[in-house]
Protein chains: 2
Amino acid sequence: MSTRTDAPTRREQILREAARLFAERGFHGVGVDEIGAAVGISGPGLYRHFPGKDAMLAELLVGISERLLDGGRLRVEAAAGDDRALLAALIDGHIDFALDDRSLIILHDRELDRLRDDDRKRVRRLQREYVELWVSAVRRLHPAPAEAEARAAVHAVFGLLNSTPHLGPGLPTRAATEALLRALAHGAFAALPADGAAGSGEGEPRSEDGEPRPAREVAGG
Amino acid sequence: MSTRTDAPTRREQILREAARLFAERGFHGVGVDEIGAAVGISGPGLYRHFPGKDAMLAELLVGISERLLDGGRLRVEAAAGDDRALLAALIDGHIDFALDDRSLIILHDRELDRLRDDDRKRVRRLQREYVELWVSAVRRLHPAPAEAEARAAVHAVFGLLNSTPHLGPGLPTRAATEALLRALAHGAFAALPADGAAGSGEGEPRSEDGEPRPAREVAGG
DNA sequence: TGTCCAGGTTAACGACCGCTAACGGCCTTG
DNA sequence: CAAGGCCGTTAGCGGTCGTTAACCTGGACA
């Protein structure tokens, strides 16, 4: 039941504004007075809803990690073995998330180290499970030589999809942004080596017969 | 001119450690005492080399932006009109940078807002010029329907390449990481819609390889 | 109507942080 | 040897920040 019809709670207001401010100026760069002012109350009034500033960040990060993982698991079930559809669904879901909750996406990989140890471990575990969902799907589609390579590729595609904050108001419509990110993500995965080591530098389509080439030299030294 | 052979200056030590600490814990999360301790002096001794903490961040960000742009311009000249080689060289150069200076890459898009106004404008201008180098190369190769789309794609690929910090010690060798990132970046660009106005003479037939095209409903408006 | 409590308020405390002040060795130079 | 700049040191100031304390208020309710 995630359908919300009633007005947002004061707690939810605070969380939303805190996420926005943390993403804009960094966790340490935002004072509790600013967060309070953003929701119409002032400073210490926040402590009626949260035990402290850290708790807000923790709840934000745990919440986003859980929602990502839950969404991913749902898609795994819905795909029912169709790995190609699964990867597409994971990509679409992540894009939706990145576009809907830009602030949280920023916090997710930027302010993790500001958490208390147990919270950080919890978030890390959730993130790892989410990544593993992607990794196993990618590996079944693209049997890369090593699991580490698939995992690195997944992280890289996360970086691509999470570039949303830097896009600004570039693209005209949200649908256009979605379509672009989707195409880029699929293109990146499609470049994964299907057999040996990573792809070549200049030949853009992966060559299933070529020897794994060493690193290309940079033009111009 | 810029060839360095002698040992690193105390200034350079400070900058390197400051970059590392800022990247790890955020600009506001690092005290001057920590930076001093990281180079063997303590706290206020830093003020013999920098007018303030802000100045360190400014010098780091301006420096990285200038180096990125200079490197990009060199590659533009070296490519001498070969857009395919140019894009490959830009990608390789950016990968080198992301792998060599992980800390700076993090700071580059994370702590920009902590700068004074004039410094921030300067960095933004340098970043914009660097992006434009990529955008024009990409547009000549892939006549996307809109410049905004090409620019968004470039930002997204930056996000992909800059995912290095999240990779941890995943890949065995640096060469493997380079090759992987290179392949992913090329794959992403290859997925850009190539139709446009068909201004390019050679229609690249790289989409006929059996892979199902990613659902690319280009938002008509 | 009296009581209670959720949800605010302002004042203030203690810790921390960036930065300055004042001082002192060391190395170079004449 | 004397002078002076370079490069450190420690002490401390002023401001900010997270948090707590104490108090206030409007509405729910027996």
Side-chain angles (χ1 to χ4, degrees), chain A residues 6-62 103 107 110-120, chain B residues 4 6-62 107 110-120:
Chain A
D6 43 347
T9 308
R10 169 62 34 112
R11 257 185 82 91
E12 293 168 322
Q13 271 187 64
I14 295 172
L15 284 177
R16 162 155 42 244
E17 294 304 313
R20 184 179 56 81
L21 290 167
F22 289 161
E24 280 177 8
R25 299 210 276 283
F27 179 70
H28 290 297
V30 180
V32 290
D33 290 357
E34 299 179 71
I35 304 175
V39 297
I41 72 181
S42 209
L46 297 171
Y47 287 77
R48 299 291 169 195
H49 304 276
F50 294 93
K53 192 183 160 193
D54 302 349
M56 302 179 204
L57 182 64
E59 187 158 330
L60 285 170
L61 292 187
V62 170
S103 305
L107 295 181
R110 185 169 300 191
E111 307 286 352
L112 181 60
D113 296 327
R114 275 53 143 186
L115 256 47
R116 288 201 332 271
D117 271 19
D118 51 345
D119 286 326
R120 185 170 59 248
Chain B
R4 295 293 319 275
D6 42 348
T9 309
R10 171 60 37 108
R11 257 185 82 92
E12 293 168 321
Q13 270 187 64
I14 294 171
L15 283 177
R16 161 152 46 242
E17 295 302 313
R20 184 178 57 82
L21 289 168
F22 289 161
E24 279 176 10
R25 299 210 277 283
F27 179 70
H28 290 299
V30 180
V32 289
D33 290 355
E34 299 178 72
I35 304 174
V39 297
I41 71 182
S42 210
L46 297 171
Y47 288 77
R48 299 288 167 200
H49 306 274
F50 294 92
K53 192 182 157 193
D54 302 350
M56 302 179 204
L57 182 63
E59 188 156 331
L60 286 171
L61 292 187
V62 170
L107 295 181
R110 185 169 299 190
E111 307 286 352
L112 180 61
D113 297 328
R114 276 52 148 187
L115 255 48
R116 289 200 333 270
D117 271 19
D118 51 344
D119 286 326
R120 185 169 57 250

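Proteins come first, then strands; the chains are lettered A, B, ... in the order of their sequence lines, and each starts at number 1.
For B/R20 against B/A38, the heavy-atom pair with the smallest separation is NH2-CB, 4.1 Å. Counting all heavy atoms, side chain and backbone alike, B/I14 lies closest to B/M56 at CG2-SD, 4.1 Å. Looking at every heavy atom in both residues, B/G36 comes nearest to B/L46 through N-CD1, 3.8 Å. Closest heavy-atom contact between B/E111 and B/G26: OE2-CA, 3.4 Å. Closest approach of B/D119 to B/A58, counting heavy atoms only: OD2-CB, 3.5 Å.
Under the 4.5 Å side-chain criterion, counting only non-hydrogen atoms from C-beta, A/Q13 is not in contact with A/E17.
The residue B/G31 sits close only to the backbone: its heavy atoms come under 4.0 Å of sugar-phosphate atoms, none of a base. Backbone-only engagement by B/V30 is indicated by non-hydrogen atom pairs under 4.0 Å involving sugar-phosphate atoms exclusively.
For the contact set between residues 46-55 of chain B and DNA chain D, defined by any heavy atom under 4.0 Å, the members are B/R48, B/H49.
Counting non-hydrogen atoms of other residues, nucleotides and ligands closer than 6.0 Å to CZ of A/R16 gives a total of 12 or fewer.
Going from atom NE2 of A/H28 over to atom P of C/dA15 covers 19 Å, rounded to whole Å.
Evaluation of the side-chain hydrogen bond (donor to acceptor under 3.5 Å, both in side chains) test over residues 31-60 of chain B, restricted to residues two or more places apart or in two chains, returns B/R11-B/E59, B/R25-B/E34.
Counting 5' to 3', DNA chain D first comes under 4.0 angstrom of a heavy atom of chain A and last does so at the ends given by D/dG18 to D/dC23.
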